[in-house]
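One structure is given here, and the rest of the page talks about it.
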Amino acid sequence: MGASFWELLLAACALMLVLEGLLPFFSPAAWRRLFEQATRLSDGQIRFLGLSSMLLGLVLLLLFRD
């Protein structure tokens, strides 16, 4: 029996947190520099990055769905 939607969503969120924690854990100085650079981006640039990330995620979901 397959996992329910909510179980898969929870697993995906957990994996996202693990992946996002890798850079600050292994290289806090690089993470700090990256974060400082991100604070200098304009609202439009941040929105574009967010939109690009969402679209890439949707494409990956469509490509690898059951």
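The figures that follow rest on heavy atoms only: side chains count, while hydrogens, waters and symmetry mates do not. Residues take their numbers from the sequence shown, with the count starting at 1.
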Distance (rounded to the nearest 0.5 Å) between L15 CG and L10 CG: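 One gets 11.5 Å once the value is rounded to the nearest 0.5 Å.
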
Separation of L61 CG from L56 CG (nearest 0.5 Å):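 Here the rounded value is 9.5 Å.
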
Set of residues satisfying ring-ring contact (aromatic ring centres under 6.0 Å, His included) with respect to F48, sequence neighbours excluded: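 Here no residue qualifies.
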
Residues 27-40, side-chain donor-acceptor partners within the protein, below 3.5 Å, at least two apart:
from	atom 1	to	atom 2	distance (Å)
T39	OG1	E36	O	2.6

Residue pairs fulfilling ring pair (Phe, Tyr, Trp, His ring centres under 6.0 Å) with at least one residue in residues 5-27, sequence neighbours excluded: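 Listed once each, the pairs would be none.
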
Min side-chain heavy-atom separation R47-D43 under 4.5 Å: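 Yes, their side chains come closer than 4.5 Å.
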
